[in-house]
Amino acid sequence: GGSLRGRVVASKDGLPISDARVSLRTPELEPGRLAPLDYLLEAVKTDTKGDFVWDDLAPGEYELTVRHPSYGPQEHTVRIEQGKTVEIEVSLPLAARIYGRVLDAHGKPRRHAVVETMGQGHAVTDEQGRYELTELAPGLLNLFCMESAEDFADIGKSERQSVCLEPGQSLEVNFPP
């Protein structure tokens, strides 16, 4: 097989990030199926130098995901070739955070409402209608607020807000705005 060696560093200063969670996912065809299923390999943690390694990987294309509680997640596609080593450096921006409240038409807290980011997670409101989303990657983010988890099937019923997050930013976003 091939190998993947990498280092995870902070975008801000280039310093290594230890204890980042690095995972690999590859499309794996199941016999008799036409559509690929995601196949997740066991995740590894970076060492004190920010380094990680995978050996004996089957040749093919993989999705590399790097996460750390203080930084925004990053994804990269890597191609592994037989007998070769791929080297990659992944730069993580400081994580952003969104928090706020969800209220109904009468200004009362909506409990158990769902605030979804479409790709970076979701949060369910508490008894006071409060929610919090952490470990978000900086950049443009679309937030969708739904009455409950059952509304995921019909995104058209949701309230939507778009925000642009800076690295390390905490932003209050309420529904309705």
Side-chain angles (χ1 to χ4, degrees), residues 1-31 33 35-100 114-126 130-144 149 152 162-173:
S3 296
L4 175 63
R5 297 186 187 284
R7 173 167 285 164
V8 178
V9 299
S11 298
K12 182 179 175 183
D13 52 22
L15 292 175
I17 299 174
S18 61
D19 291 323
R21 184 177 188 273
V22 184
S23 57
L24 278 180
R25 186 181 303 269
T26 180
E28 179 83 1
L29 283 179
E30 189 177 277
R33 286 186 59 116
L37 295 173
D38 281 339
Y39 180 70
L40 182 64
L41 300 178
E42 186 175 336
V44 298
K45 294 260 185 177
T46 56
D47 64 18
T48 56
K49 296 177 186 164
D51 294 334
F52 65 90
V53 63
W54 260 289
D55 289 317
D56 288 330
L57 292 171
E61 201 167 88
Y62 293 81
E63 288 298 322
L64 174 79
T65 303
V66 182
R67 294 186 175 278
H68 188 281
S70 300
Y71 297 89
Q74 289 289 309
E75 293 185 355
H76 294 275
T77 301
V78 293
R79 175 163 285 290
I80 303 298
E81 294 180 26
Q82 181 67 34
K84 295 190 176 172
T85 298
V86 174
E87 295 191 12
I88 186 171
E89 182 173 281
V90 180
S91 181
L92 298 184
L94 279 175
R97 168 182 169 259
I98 293 177
Y99 64 95
V114 178
V115 179
E116 169 68 42
T117 63
M118 296 308 208
Q120 291 198 53
H122 69 277
V124 178
T125 58
D126 65 13
R130 290 187 302 250
Y131 75 94
E132 180 181 39
L133 294 158
T134 59
E135 298 180 42
L136 300 174
L140 184 63
L141 191 64
N142 291 314
L143 294 173
F144 297 88
F152 276 130
S162 295
V163 296
C164 191
L165 294 172
E166 298 296 324
Q169 182 179 18
S170 279
L171 182 65
E172 183 174 3
V173 179

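The structure presented is a predicted model; accordingly, all values stated were derived computationally and were not measured. When a residue number appears, it is its place in the shown sequence, counting from 1.
In this structure, a donor-acceptor pair under 3.5 Å is present between the side chains of Ser91 and Ser11.
Atom CG of Leu94 sits about 11.5 Å away from atom CD of Glu166, to the nearest 0.5 Å. Note: Glu172 CD to Arg97 CZ = 9.5 Å, rounded to the nearest 0.5 Å. In this structure, OG1 in Thr77 is found 13.0 Å from OH in Tyr62, a value given to the nearest 0.5 Å. Considering OH of Tyr99 and OG1 of Thr134, their distance stands at 14.0 Å, rounded to 0.5 Å.
Under the salt bridge (Lys or Arg N to Asp or Glu O under 4.0 Å) criterion, Glu81 pairs with Lys84, sequence neighbours left out.
Smallest separation of non-hydrogen atoms from Gln82 and Pro59: OE1-CG, 3.5 Å. Nearest heavy-atom pair across Gln120 and Leu141 is NE2-CD1, 3.7 Å. In this structure, Met118 and Glu116 approach most closely via the heavy-atom pair N-OE2, 2.8 Å. In terms of heavy atoms, Tyr131 sits closest to Thr125 at CB-CG2, 4.1 Å. Taking all atoms of both residues into account, the shortest heavy-atom contact from Gly72 to Leu92 is O-CD2, 3.5 Å. Closest non-hydrogen pair, Pro73 versus Glu135, comes out as CD-O, 3.2 Å.
Considering only heavy atoms from C-beta on, Val9 stays 4.5 Å or farther from Val90 through its side chain. Using a 4.5 Å heavy-atom cutoff, the side chains of Ile88 and Phe52 are in contact. For the pair His68/Arg21, no side-chain contact is recorded, criterion being any heavy-atom separation below 4.5 Å from C-beta on. The closest side-chain heavy-atom distance from Tyr71 to Ile17 is below 4.5 Å. Contact annotation: the side chain of Thr117 never approaches that of Asn142 to less than 4.5 Å [non-hydrogen atoms, C-beta and beyond]. The shortest side-chain heavy-atom distance between Leu64 and Val22 falls under the 4.5 Å cut-off. Taking 4.5 Å as the limit, some side-chain heavy atom of Leu4 sits within range of a side-chain heavy atom of Leu24.
Evaluated for a salt bridge (charged side-chain N to carboxylate O under 4.0 Å, His left out) with Asp51, the options Arg7, Lys45, Arg5 yield exactly one hit, Arg7.
Using a distance-only test at 3.5 Å, with no hydrogens or angles considered, a donor-acceptor pair links the side chain of Thr46 to the main chain of Ala20.
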